[in-house]
Amino acid sequence: MSTVFLNDAFMPITEAKISPMDRGFLFGDGIYEVIPSYDGKLVGFGPHIERMRSGLAALEIPLDWEPARWLLLCQQLIEKNGRGNLGIYLHVSRGADSKRFHAYPEGVKPTVFAYTFAINPPPPADKDKVQGFKVSTARDLRWQRCNIKSTALLGNVMHFQQGYAAGHNEIILYNARNEMTEGSSCNAYIVKHGTVITPPLDHQLLPGITRLILLDILRKDGTIPVEERTVTMDEVFDADEVWLTSSSKEIAPVIEIDGKPVADGKPGDVWLAAQTLFSANKYNY
Ligand code: PDD
């Protein structure tokens, strides 16, 4: 049975209990992270914790854990739950107040919850072995502060379900100007004439750590050009390749969108080169 961390203690998952007055439960008032770990090695620990700390500051949740404290927690969870392919889930809510009142309460201790779950092995940089993703598309109806990794994920959940019900692995979202924003749980990219193109960071999408690592690896390598700019859905449907990234997927090649194949319906050459570079360099972050 998995061992989880809740507030100041480790315990079996069945013993972990949270008050119904917790603002995470009542308002989705919290921040979370998912950090991948393969055989005890974390990918992107530094930037994940930096994003968590900036989200806590943006929401004025008073939890002042240093990165070393978070690292200790991650290491303890891996020790207690075994190595292997793990997602380490870290969750901080504003905590349990005595009343339900929208304004941020004073003097309430944040709730810290963390556990591990099994994730798929990283994708092999091999066109014949990688799983190609089939996706849907939808007008992005989530809230307008998607840059904060808030636990208020109902908009994301509803969009994901829309794709899932159609038998798809993900859904690509677009705004009122028909511009791609991101997936319901991942960042999105197109490849055109050998250039990797992804929307710039703003309030419409999460600053993904896999995105950060991938763009840095590609820029340092220098053989595949990268552009951060607006991408229209017409460009998505006309792309040579489409990709998704997240901590639990690394780079997923999209092979079908709304029932239509992306180019020849197979993972592309630029994906292969990028996933090969990512596999070789990801532990440097
Ligand atoms: N989701 N965009 C959204 C809306 C996400 O939920 C995620 C990650 C990403 C990619 O971020 P990163 O590369 O830092 O994982 C982009 C996590 C994995 C989840 O909710 O399980």
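Remember, it's a predicted structure, so these values are computed and weren't measured experimentally. Residue indices begin at 1 and follow the sequence shown. Atoms within each ligand, like the ligands themselves, are counted from 1 in listed order.
- Between His102 and Phe27, a ring centre-to-centre spacing shorter than 6.0 Å is recorded.
- Once rounded to the nearest 0.5 Å, the distance linking CG of Asn156 with CD1 of Ile171 reads 11.0 Å.
- Contacts of Leu205 with ligand 1, taken as heavy-atom pairs under 4.0 Å, are absent altogether.
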Is there a salt bridge (charged side-chain N to carboxylate O under 4.0 Å, His left out) between Glu106 and Arg94 once you walk through the steps?
CA-CA 10 Å; Glu106 303 265 324; Arg94 197 180 300 278; over 6 Å; no
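- Only the side chain of Val34 comes within 4.0 Å of ligand 1, judged by heavy-atom distances.
- The atoms of ligand 1 that sit less than 4.0 Å from any heavy atom of Ile209 are 12 (P), 13 (O), 14 (O).
- Within the listing of ligand 1, atoms 14 (O) sit less than 4.0 angstrom from a heavy atom of His48.
- At a 3.5 angstrom cut-off on N or O pairs, Ser247 counts as close to ligand 1.
- The closest approach between any non-hydrogen atom of Lys149 and ligand 1 is below 4.0 Å.
- From Gln204, atom CD reaches atom OG1 of Thr230 across 8.0 Å, with rounding to the nearest 0.5 Å.
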Let's go through Glu33 and Arg51 carefully: what are the C-alpha distance in whole Å and the side-chain angles of both, what is the deciding distance for salt bridge (charged side-chain N to carboxylate O under 4.0 Å, His left out) to 0.1 Å, and is it a yes or a no?
CA-CA 8 Å; Glu33 281 297 327; Arg51 182 172 63 186; 2.7 Å; yes
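- Side chain of Asn147 to backbone of Leu205: no donor-acceptor contact under 3.5 angstrom is found.
- Every atom of ligand 1 with a heavy atom of Asn156 under 4.0 Å away is listed here by number and element: 4 (C).
- Between Asp97 and Met21, every side-chain heavy-atom pair lies at or beyond the 4.5 Å cut-off.
- At a heavy-atom distance under 4.0 Å, only side-chain atoms of Leu206, from C-beta outward, approach ligand 1.
- Each salt bridge (charged side-chain N to carboxylate O under 4.0 Å, His left out) pair with one or both residues in residues 264-277, not counting sequence neighbours, appears once here: Lys127-Asp269.
- For residues 59-87, every residue pair satisfying the salt bridge (charged side-chain N to carboxylate O under 4.0 Å, His left out) rule, not counting sequence neighbours, is listed here: Asp39-Arg83.
- The protein atom (non-hydrogen) at minimum distance from atom 7 (C) of ligand 1 is Ser185 O, 3.3 Å.
- Taking every heavy atom of Arg51 and a limit of under 4.0 angstrom, the matching atoms of ligand 1 come to 11 (O), 14 (O).
- Listed by number with element, the atoms of ligand 1 under 4.0 angstrom from any heavy atom of Glu182 are 2 (N), 3 (C), 4 (C), 16 (C).
- Residue Ser184 places a heavy atom under 4.0 Å from ligand 1.
- The protein heavy-atom contact nearest to atom 13 (O) of ligand 1 is Thr210 OG1, 2.6 Å.
- Listed by atom number, the atoms of ligand 1 under 4.0 Å from Asn187 heavy atoms are 10 (C), 16 (C).
- Residue contact annotation: Tyr32 has a non-hydrogen atom under 4.0 Å from ligand 1.
- Contact annotation for His159 and ligand 1: no heavy atom of the residue comes within less than 4.0 Å of the ligand.
- No single ILVMFWY cluster, assembled from side-chain heavy atoms under 4.5 Å apart, contains both Tyr32 and Phe160.
- Ala274 and Ile224 make their closest contact through N-CD1, 4.2 Å (heavy atoms, listed as atom of the first residue, atom of the second, distance).
- Residue Arg142 has at least one heavy-atom neighbour below 4.0 Å for each of these atoms of ligand 1: 4 (C).
- Counting atoms of ligand 1 from 1 in the listed order, those under 4.0 Å from a heavy atom of Gly208 are 11 (O), 12 (P), 13 (O), 14 (O).
- With a 4.0 Å heavy-atom cut-off, ligand 1 is reached by the backbone of Cys186 but not by any atom from C-beta on.
- Checked by atom type, the side-chain pair Thr245/Tyr189 shows a donor-acceptor distance below 3.5 Å.
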